[in-house]
Amino acid sequence: MIESLRKICRDLLQSNEVQVVIGYGQSGPGKPVHPVFVRRPEDIHQLVWNEHCYTNLVAYLKRKEVQSLGKAAIIVKGCDERALVVLEKESQLERKNLHVIGVACEGMGEPRLRKCQTCKVRLPRFANEVVGQMASAVDDSRPRWNELEEFLKQSPAERMAYWVEELGRCLKCYACRQVCPLCYCERCLVDKNRPTCINTSATPKGNFAWHITRAFHLAGRCVGCDECTRACPVGIDLRLLNQSLARAAEEQFNYRAGMDPQAEILLGSYSLQDKESFIG
Amino acid sequence: MTTHPTPAHPIALIPVENCYQCGKCTAGCPMAERMDVMPNQIVRLAQLGELERALRAESIWLCVSCQTCSTRCPKSFDCAGLMDILRQQAVEQAKAAPSQVRTQLFQKAFLRNIRRYGRLNELELVRTFKTLAFLKDMNIPFLVKDALLAFKLQQRGKLYLMGERVRDRGVVDRIFQRCL
Amino acid sequence: MEIGYYPGCALHGSSNDYEASVHACLKALDVSLRELDDWICCGATAAHSLNHKLSIALPARNLGLAERDGFTQMLAPCPMCSMELIKAGRCLAEDPQVRKEISGIVELPVTGKTKVLNLIQVFQQVGLERLKSSVKTTLESVRAACYYGCLLTRPPETLQFDDCEQPSSMEKILEALGAKVVTWNYKTECCGAGMTMANEETVLDLSHKILSNAAAHGANCLVVACPMCHVNLDMKQGDIESRFNVRHGMVVYYLSDLVGLALGLDPQTLGIDRHFVTRPASPAQVAN
Amino acid sequence: MSRIGVFTCWCGENIARTVDVERVAEAVAQIPGVRCSVHNKYMCSDPGQTMIREKIASERLDVLVVASCSPHMHLKTFRKAAGQAGINPYLVEMSNIREHCSWVHHDKEKATEKAIQLIRLSVEKVRRNRALEPIKVPVTKRALVIGGGVAGIQAALDIADTGYEVVMVEREPSIGGKMAGLSETFPTLDCSQCILTPRMVEVGQHSRIRLYSYSEVESVDGYVGNFKVTIRQKARYVDIDKCTGCGECWNCCPLKKQLSEFDYGMGTRRAIYVPFPQAVPARPVIDKNACTKLKKGGCGLCEKKCLAKAINFKDQDKLVEELVGAIIVATGYQLYRVGQDQGKRKLSGYGEYGYGRYKDVIDSLQFERLVSASGPTGGVIKRPSDGVVPNTVVFISCVGSRDNAKGLSYCSKICCMYTAKHTMLYKHKVHEGQAHVFYMDIRAGGKNYDEFVRRAIEQDGARYHRGRVSKITEENGKLIVRGADTLAAVPLTIEADMVVLAAAMRPSDGAEELAQELGVGYDEFGFFSESHPKLRPVETNAAGVFICGACHAPKDIPEAVAQASAVAGKVQVMFGHDEMTREPEIASINEQTCAACFACVRTCPYHAIEKTEIRSPKGILVKRTARVNSGLCMGCGTCVSVCPSKSADLEGFSEQQIYSMIESLV
Amino acid sequence: MSATPAFEPKIVAFVCNWCTYLGADLAGTNRLEYPANVRIIRLPCTGRIDFNLLIKAFEMKADAVLVSGCHPGDCHYTSGNYHARRRWMLFRELLAILGVDLDRIHFTWISAAEGKKWQQVITEITEKTREMGPYAYLSPARTATDEQWREEAVS
């Protein structure tokens with residue numbers, strides 16, 4: 001598996017088809033897995049593949065310094081690939097300038113990550129080539145909104161209390177923004193003044209303003225890679241916010257971000273039939 | 001006297017007001033020549049709430065449920081469906097046109113028959129139907145009319161003296177109980 | 001291929017010739033029919049004329065049985081039955097409320113997911129190519145007027161089968177068998193259906209028109225896929241002739257009869273000898 | 001720090017009754033930056049406006065708030081006044097303390113409080129207003145007319161006659177449209193071609209009209225006043241400049257049996273042909289699907305015969321560009337196809353009427369050709385199947401129209417009239433003939449219209465039956481029409497020799513695609529939408545694009561012509577100025593911060609935002625960005641909401657303005 | 001019941017310039033009285049009404065927010081309100097999970113002809129909000145509507 005992966009990448013570099021391979025590396029067994037940017041065929045051994053390769057490398061494509069390395073090959077799992085689809089629709093990348101190496105994925109982490117437990121796209125669909133194949137069939141019977149529904153059993157005030165508490169811990173470090181493969185604005189709204197649309201103070205107001213904006217800017221875009229939650233140094237479960245919007249998109253508009261390259265972007269289109277029961 | 005449709009009334013559930021009286025139902029109806037009230041008039045009466053006259057009309061019993069009216073209706077109004085409901089009402093309210101009694105009797109006999117056996121027992125159906133009809137109109141020719149036919153069917157091995165019956169006749173009867 | 005089979009009362013009664021014919025020629029095409037166990041009557045016109053709920057419940061019971069026995073597809077050669085079954089199926093599929101209520105009434109969980117087929121659809125599944133290839137005696141002497149009547153195509157939005165004004169599915173099958181078909185005007189006119197007993201004159205009038213028009217357009221036989229139509233056009237043909245004092249002598253075949261003959265089956269097996277009108281040269285004889 | 005002036009109005013008692021104007025003025029004076037807060041009985045009156053101008057001078061004010069009525073009422077007034085006093089009009093805001101305050105509240109205390117707050121809102125907004133200059137857009141004084149039917153012809157001539165250039169694009173080989181094929185017109189029964197052909201000739205010869213026949217609009221770029229239109233000239237295989245229209249070619253062409261489009265298949269033409277004798281341009285075209293030379297390289301007779309050497313078998317489609325300032329859509333209609341195929345999924349045909357199967361069941365335009373003196377039968381009514389003169393003709397109205405089941409819910413409006421006309425024309429030509437009409441309602445609103453229908457019934461003996469027809473069948477040479485007469489409450493069967501179906505009017509093929517190309521709205525049936533049903537009936541929501549004739553909705557000739565002239569009027573107004581001024585309160589994009597996600601491009605209702613690339617002088621791509629086309633933007637601000645980085649902003653309702661308004665609510 | 005008679009709710013209305021604003025004007029011309037608690041912020045189109053504005057309004061201690069524009073099909077800019085409709089639909093979902101009191105945020109279509117509707121809407125919202133009492137945005141304190149929610153939840 002890893003060998004065939006390395007071979008493909010080595011060939012790509014040798015043939016100079018790409019100038020850099022964005023993949024996973026590990027400084028030693030048991031050591032944490034980290035992204036590597038392999039630029040020379042001889043360094044290809046740096047590449048690893050194991051069940052700790054859960055990060056979504058797509059986020060690195062938006063980095064100027066990575067772009068400056070030349071045409072890239074990127075290693076993606078089925079779920080990561082959804083982000084590529086969104087980025088392409090939002091004309092953030094041109095597929096022809098990117099070589100996508102898909103890897104069949106049985107799920108990441110021990111125990112399995114939450115996102116993996118209900119994953120529906122374990123095989124990349126649009127990659128230039130896919131390494132490995134599925135041992136087990138994708139089981140999409142798994143209810144995907146359990147946590148959300150659990151959470152919604154609380155009363156509004158209880159929820160509010162929860163978030164005031166949770167978001168109260170927010171340091172405004174914006175790691176959630178940095179790791180998000182889909183946050184690519186050159187100047188984030190939160191850094192804009194005259195006017196200051198988002199209250200930047202570390203008060204409940206400020207915290208909510210930021211996290212509402214972050215979540216809503218991902219409405220109909222978030223592909224549920226959970227990088228934001230993973231990256232949060234104070235462990236705020238941002239996944240819930242993203243999920244609430246993802247579910248709405250799916251149930252109200254039968255839309256799943258990054259699944260269908262043909263589908264019109266959710267908040268870039270409308271239908272005369274859109275529900276409006278909530279409008280008086 | 002007129003029965004105006006109330007929400008309780010099944011007629012109120014079908015959108016009679018959709019009909020704009022173009023008459024295409026009447027135009028295509030194979031039975032229209034024989035009808036006393038034209039199909040489009042039946043719908044009109046329903047629109048006006050003049051159900052009494054619709055229920056007493058012979059037409060609803062002449063309707064053969066061929067669905068031509070519903071199929072060609074430019075407003076996709078289910079005229080044949082209305083006929084069904086009117087028939088049901090006419091029987092419930094005992095307003096069915098006497099001249100068309102045979103059709104009703106036949107259908108009653110039919111249902112009685114399958115209620116008993118679960119499947120149609122043709123010979124018995126004819127027997128019950130003819131008897132019922134005879135009791136109504138004492139019309140001997142009609143009573144004996146098809147006797148010869150039975151013989152012809154016999155010749156062709158198409159006559160079953162003992163009709164089929166389903167094993168679980170209990171459930172059939174319970175279904176009837178729950179519906180009627 | 002094996003599919004479920006709902007004969008309906010007629011085919012187990014005076015239309016047993018139709019059943020014989022269907023069985024024989026489907027067998028010849030390796031379609032085995034599994035009869036629905038302990039099926040009940042679909043209720044026919046009587047039910048929907050007299051009680052709406054009953055007109056759903058009776059067919060629903062059968063759909064329930066079909067689901068119990070795991071039928072995905074079920075042939076109902078009688079268009080009345082198939083229409084009632086499909087209609088009930090739709091009501092159930094559309095409305096969970098109805099599903100709940102009816103399941104209670106018929107004492108079986110029923111969702112209406114079983115696909116109910118008419119005879120023509122089964123032939124279509126077998127495929128025209130297959131039919132062509134298995135022809136033993138071509139029917140070139142046949143000039144058939146295909147008669148669909150009402151319930152094969154109507155109501156269209158319920159049945160979703162063929163073109164309700166200009167159906168052509170039977171023609172396609174017969175042409176595949178080398179028969180000629182005539183274009184005529186009464187393909188989808190009504191023959192009087194279940195009025196045979198109660199309102200005979202009507203039936204005779206309507207059926208007379210159909211027979212005459214077919215003859216006028218040069219047909220030497222009628223082809224039907226409905227027991228009731230067969231009764232009215234074949235069994236009643238004598239009465240029609242005496243009532244209008246004409247001589248029709250129009251043989252009325254079931255679609256399966258002609259398919260069977262083309263496959264080389266003999267008229268007896270197909271129950272053709274049990275028809276009332278058998279006079280003019282039957283294509284089988286010509287073929288031999 | 002701006003010097004703000006606030007002018008509060010009494011509006012006589014209207015405001016003063018429930019709002020303590022003096023107190024308001026005093027309170028407002030306390031707001032930082034307010035240099036002057038005064039009140040007047042009637043701010044909109046001359047004294048009021050004079051007061052404003054004086055204060056501007058005396059207090060050296062640079063921005064103003066007028067607290068009076070609705071901005072929809074007087075914003076223009078006060079902006080003008082300020083302008084006269086040397087203040088940029090866009091530095092003036094209004095507070096609506098009448099409609100939104102004094103008129104709807106009775107509690108003077110609360111009303112006064114609210115008035116103060118409303119004014120504070122406006123003050124906070126106006127502080128951040130920017131001086132704006134109305135956008136000047138140069139106007140190209142040429143009009144494009146798409147479609148050369150009667151509507152297009154009328155519009156083109158009206159515009160050209162006022163001295164402006166017109167470019168006309170017609171899809172068919174000749175202009176004239178549907179009207180050119182009609183026999184006689186209701187309610188006057190005057191010959192259609194006699195009215196139309198002179199107008200066609202005028203177009204053909206007009207010095208200011210450039211006619212592209214047998215051509216289609218390929219693409220449209222630019223915006224109001226400055227459209228760049230690409231026109232596809234379809235290969236005609238005849239050089240119309242060389243051609244003299246002598247007729248040698250089509251007289252010698254051996255392929256005589258081509259069905260004539262102009263006669264709707266009732267007559268024939270050659271492979272090289274002029275659609276009809278009075279065609280404009282009177283130049284032939286070669287049907288490449290028929291011509292043996294073009295198909296197999298044979299024949300070529302016409303080429304040999306043509307002394308002018310005008311035949312060119314190597315001809316190919318050409319693309320030409322035209323610059324125009326206004327676009328007039330007059331693409332007209334087509335008849336609903338009664339047979340099965342509608343080319344449009346949701347429509348279905350009338351299998352029950354046997355159109356296409358029975359030769360003698362024809363549609364209304366085919367009948368027009370049959371009665372037209374210039375038609376295939378020379379005006380003698382012969383039925384298509386065997387050329388026999390029909391003794392009984394059944395006319396059926398509402399075929400497709402008002403038939404939801406077939407997909408068209410609307411009334412085609414003209415069928416009642418032309419059907420009546422048809423019965424008359426028939427009666428006038430076949431005296432012993434009997435016309436039957438099946439109708440649902442007779443809609444004959446219009447000058448002398450109902451009288452006309454009555455004449456058909458009373459004088460020409462047309463028999464009208466109120467009911468639809470269910471089925472048509474053919475039996476030994478007769479068409480058996482099974483209908484109903486609902487007034488007599490009887491089913492009615494008529495044995496006819498010919499049946500004429502008044503098929504519904506539908507927009508021409510390609511109307512929707514054209515609408516999309518032009519950014520014009522259209523309804524579920526493909527008819528173009530006007531921008532306001534009452535007040536802007538010939539404008540569309542795309543500035544500079546106008547509509548007239550049947551592309552907008554079913555209509556008859558007089559209506560189409562009236563609309564065409566109306567359009568011409570609109571265009572003349574537009575061309576009356578060298579440049580157009582447009583409201584400057586429109587969107588703009590901060591190209592430094594734009595992330596080029598192009599959400600704005602997708603959501604802009606006017607396609608006013610374009611994807612562009614910023615390149616260094618050397619041509620190296622610096623970045624991609626969205627850019628607003630000020631000629632197209634109408635200032636709705638949808639782009640601002642969808643822009644994640646708020647690189648988009650809207651003059652007059654800028655982020656700064658709105659936020660400071662909200663903040664002023666504390 | 002946290003409301004005190006002294007409490008006057010602050011209601012911010014974001015309305016489009018062509019339908020609802022004119023509807024409010026019409027209410028004026030017809031002298032249709034309604035409570036004086038609403039503050040209108042005029043925007044060209046509902047398409048311009050960004051969710052950040054609504055948050056801002058709550059931050060500025062609005063007790064209720066109204067968003068209103070042209071009925072579907074009537075948008076002066078042809079489709080601004082359709083885009084808005086989708087946005088709001090999703091935005092409400094987000095507010096819901098955050099526990100923001102959805103009875104404090106209202107959406108309506110009010111045309112230029114519906115002065116009456118404007119009057120009713122404003123009156124209802126004001127009364128309702130007055131009953132609910134001041135809105136403590138982001139305070140976990142249990143509100144009246146919350147109790148109500150609980151009852152519905154158990155029933």
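Letters A, B, ... mirror the listed sequences (proteins, then strands); counts begin at 1.
Taking a 6.0 Å sphere around CZ of A:Arg169, one finds it holds more than 12 heavy atoms contributed by other residues, nucleotides or ligands. Enclosure of atom CG in A:Asn16 by more than 12 non-hydrogen atoms of other residues, nucleotides or ligands within 6.0 angstrom is indicated.
Both the backbone and the side chain of A:Cys197 come within contact range of chain D, judged by heavy atoms closer than 4.5 Å. Contacts of A:Leu267 with chain D are made by backbone atoms alone, with heavy-atom separations under 4.5 Å and no side-chain atom involved. For D:Cys594, the part lying near chain A is the backbone, with the side chain staying farther off; criterion is any non-hydrogen pair under 4.5 Å. With a threshold of 4.5 angstrom between heavy atoms, A:Cys185 approaches chain D through its backbone and through its side chain.
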For chain A against chain D, print all donor and acceptor atom pairs separated by less than 3.5 Å.
residue  : atom : partner  : partner atom : Å
A:Ser91  : O    : D:Arg624 : NH1          : 3.3
A:Ser91  : O    : D:Arg624 : NH2          : 3.0
A:Ser91  : OG   : D:Ala596 : O            : 3.3
A:Gln92  : NE2  : D:Ala595 : O            : 3.0
A:Gln92  : NE2  : D:Ala596 : O            : 3.0
A:Arg187 : NH2  : D:Ser645 : O            : 2.6

